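Take a look at the structure set out below.
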Amino acid sequence: MHVRRTAALLATAALAAALAGCASASPGAESASTTIQFGLPTNMGANNSPMAVAEAMGYFADEGLKVEIVVTGDSTSIVQGIDAGSLDIGSTPPEPILQAMTKGSDLQLVYNYIRKQTGSLAVLDDSPIQSLEDFRGAVIGQASLGTSNMLLSEGILASVGLAPDVDYSHLAVGTGAAALQALKTGQVDALSLWDTEYAAFEAQGTPLRYFTTDEVASLFSTTYFTSTDYAEKNAATIEGFGRAMAKATLFTATNPEAALRIMYDKYPDTLVAGNSIDDQLAIDLVALKRRIELLTAGDPEGSRTWGAYDESALNAWASFALDAGIIDSAVDAVAAAPNTFVEAYNDFDGDAVIAEAKNWSAAG
């Protein structure tokens, strides 16, 4: 079964207890049917649709894998779960991973999923905020107060000397309609979310303006990671997981409408009450197409670099995190992302996946 958790798991012990009865195979076991406990910080939606594709199209099953998704609601709980061994692989942007590494966590980045930055600060088009300096005194809406986007926004504002809880404040407003309502009613002055959320808001008629820095815009975003110990002991599992996600991402990029319809079928709670599928599809397609640009940046299919990390990008992350005060000591990001499994991730017939996506039909 797929384990769904919509509330943030605030302690490692609680996370471990919640997962204890869910696994059908012991964590880390290499077998013909290996269960992976996968930590996801946000609920299933257009931004995560390749995961639904990998499940529904049998890409995980082809690798002998059963993936149990644990939605934590924040990134901190995922890092804690990986540290404790109650999660096998996790998904988050690098900020909380780098923070944990400075505190002694032995973590390894294993798959570069979103190859360009998704996060930025956004305001309504008619907002009086015209520059980063204008965020002084602002209330910034966050999906949660444990989200990696909060750290990213603090890094962006640190570039002009603004500090959290001194020059501006954060407020948890969630995502989707709740976040948009908070912005439109003035409960918050800005949002610190990500590309697919912003695209959906604009598709529904709310124009936005965005703030970031050139340095942040050049960084990669969500990455898959695990403990170094798990990576060493479960190479075949990680290779199969990454290969399945590469196929699913290629399928999604080839036929985004199919990916969304697959997601709606597998996760019906992604359908908003009162919306027809066609109406929601129109909105979600705008969001997903924006995400696909970031998922396929650098042409990973043509260059056979699905999941690969660029050394300069890793160094840029380490420098940005230190300069922005996200971490208080230097980390060796290159050593933490050795690209050990990249060749295996790319060992599949891309043309066959593209043909499968083009020929997909809801009728089967």
Side-chain angles (χ1 to χ4, degrees), residues 2 38 40 44-67 69 91 111-116 118 194-197 199-200 202-203 220-222 224 239-272 275-308 341-364:
H2 297 289
F38 179 77
L40 191 66
M44 184 60 66
N47 55 323
N48 296 316
S49 55
M51 180 69 63
V53 169
E55 293 177 301
M57 298 304 295
Y59 297 151
F60 287 140
D62 289 345
E63 302 290 346
L65 301 177
K66 179 181 179 183
V67 177
I69 299 175
S91 171
Y111 187 99
N112 185 6
Y113 177 54
I114 305 180
R115 300 161 69 93
K116 290 292 184 182
T118 65
W194 48 88
D195 57 326
T196 52
E197 288 288 305
E202 293 193 309
F220 61 87
S221 186
T222 298
Y224 297 155
E239 289 172 356
F241 180 85
R243 187 161 46 241
M245 285 306 301
K247 291 178 181 179
T249 307
L250 179 58
F251 182 106
T252 300
T254 304
N255 192 343
E257 179 175 340
L260 289 170
R261 290 188 182 277
I262 286 169
M263 181 188 71
Y264 299 152
D265 181 65
K266 191 160 187 65
Y267 292 93
D269 58 346
T270 59
L271 291 166
V272 178
N275 273 7
S276 70
I277 289 181
D278 287 343
D279 287 344
Q280 184 162 341
L281 186 64
I283 294 169
D284 284 348
L285 270 174
V286 172
L288 182 54
K289 287 178 179 178
R290 186 176 295 188
R291 172 59 56 86
I292 287 169
E293 293 178 7
L294 309 183
L295 293 173
T296 60
D299 187 19
E301 176 57 21
S303 60
R304 307 309 292 167
T305 56
W306 292 107
F341 312 107
V342 169
E343 184 176 355
Y345 295 156
N346 290 274
D347 185 17
F348 67 92
D349 185 346
D351 290 339
V353 173
I354 291 170
E356 188 173 35
K358 289 180 176 179
N359 295 327
W360 183 87
S361 168

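Predicted model only: the values in this text are computed from it and were never measured.
- With salt bridges taken as basic N to acidic carboxylate O contacts below 4.0 Å, none links K289 and E293.
- Contact of the Y264 side chain with the L281 side chain is registered, since non-hydrogen atoms from C-beta on lie closer than 4.5 Å.
- Side-chain polar atoms of E55 and Y267 form a donor-acceptor pair below 3.5 angstrom.
- Considering all non-hydrogen atoms of both residues, G240 and E63 come closest at O-CG, 3.3 Å.
- Residues R115 and T305 bring a donor and an acceptor atom of their side chains to less than 3.5 Å of each other.
- Once rounded to the nearest 0.5 Å, the distance linking CD of Q280 with CG of L285 reads 10.5 Å.
- The two residues F251 and A258 make their nearest non-hydrogen contact at CE2-CB, 4.0 Å.
- Across all non-hydrogen atoms, the minimal contact from A248 to P50 is CB-O, 3.2 Å.
- N346 contributes atom CG, which lies 8.5 Å from atom CH2 of W306 (distance to the nearest 0.5 angstrom).
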* To do: Please lay out, stage by stage, how R243 and E239 fare under the test salt bridge (Lys or Arg N to Asp or Glu O under 4.0 Å).
  => CA-CA 6 Å; R243 187 161 46 241; E239 289 172 356; 5.3 Å; no
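- Salt-bridge formation is detected for the pair R304/E301: a Lys NZ or Arg NE/NH1/NH2 atom is positioned less than 4.0 Å from an Asp or Glu carboxylate oxygen.
- Without hydrogens or angle criteria, N112 side chain to A308 main chain gives a donor-acceptor distance under 3.5 Å.
- Heavy-atom minimum distance, T252 versus S49: CG2-OG, 4.2 Å.
- With rounding to the nearest 0.5 angstrom, the CG atom of L250 is 10.5 Å from the NZ atom of K247.
- Interatomic distance, M263 CE to M44 CE, rounded to the nearest 0.5 Å: 7.5 Å.
- Shortest non-hydrogen contact noted between A287 and A200 is CB-N, 4.4 Å.
- A heavy-atom distance below 4.5 Å is found between the side chains of W360 and M57.
- A distance of 7.0 Å separates OG in S221 from CZ in R291, rounded to the nearest 0.5 Å.
- Taking the six-membered ring where tryptophan is involved, the planes of Y113 and Y224 are essentially parallel, since the angle between them stays under 30° and well short of 60°.
- Contact record, L295 with P300: O-CG, 4.1 Å, taken as the closest heavy-atom pair.
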Contacts table for residues 347-356: side-chain donor-acceptor under 3.5 angstrom, sequence neighbours left out:
{"from": "D349", "atom 1": "OD1", "to": "D351", "atom 2": "N", "distance (Å)": "3.1"}
{"from": "D349", "atom 1": "OD1", "to": "A352", "atom 2": "N", "distance (Å)": "3.2"}
{"from": "E356", "atom 1": "OE1", "to": "Y59", "atom 2": "OH", "distance (Å)": "2.7"}

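- By the 4.5 Å heavy-atom criterion applied to side chains, T196 and L288 are not counted as neighbours.
- Interatomic distance, CG of D284 versus CD1 of I277, reported as 11.0 Å (0.5 Å rounding).
- Looking at R290 and D195, no side-chain N of the basic residue comes within less than 4.0 Å of a carboxylate O on the acidic one, giving no salt bridge.
- At least one side-chain heavy atom of F60 sits less than 4.5 Å from a side-chain heavy atom of M51.
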* How far apart are the C-alpha atoms of F241 and F38, what are their side-chain angles, what is the distance that settles it, and do they pass the ring-ring contact (aromatic ring centres under 6.0 Å, His included) test? -> CA-CA 10 Å; F241 180 85; F38 179 77; 5.3 Å; yes
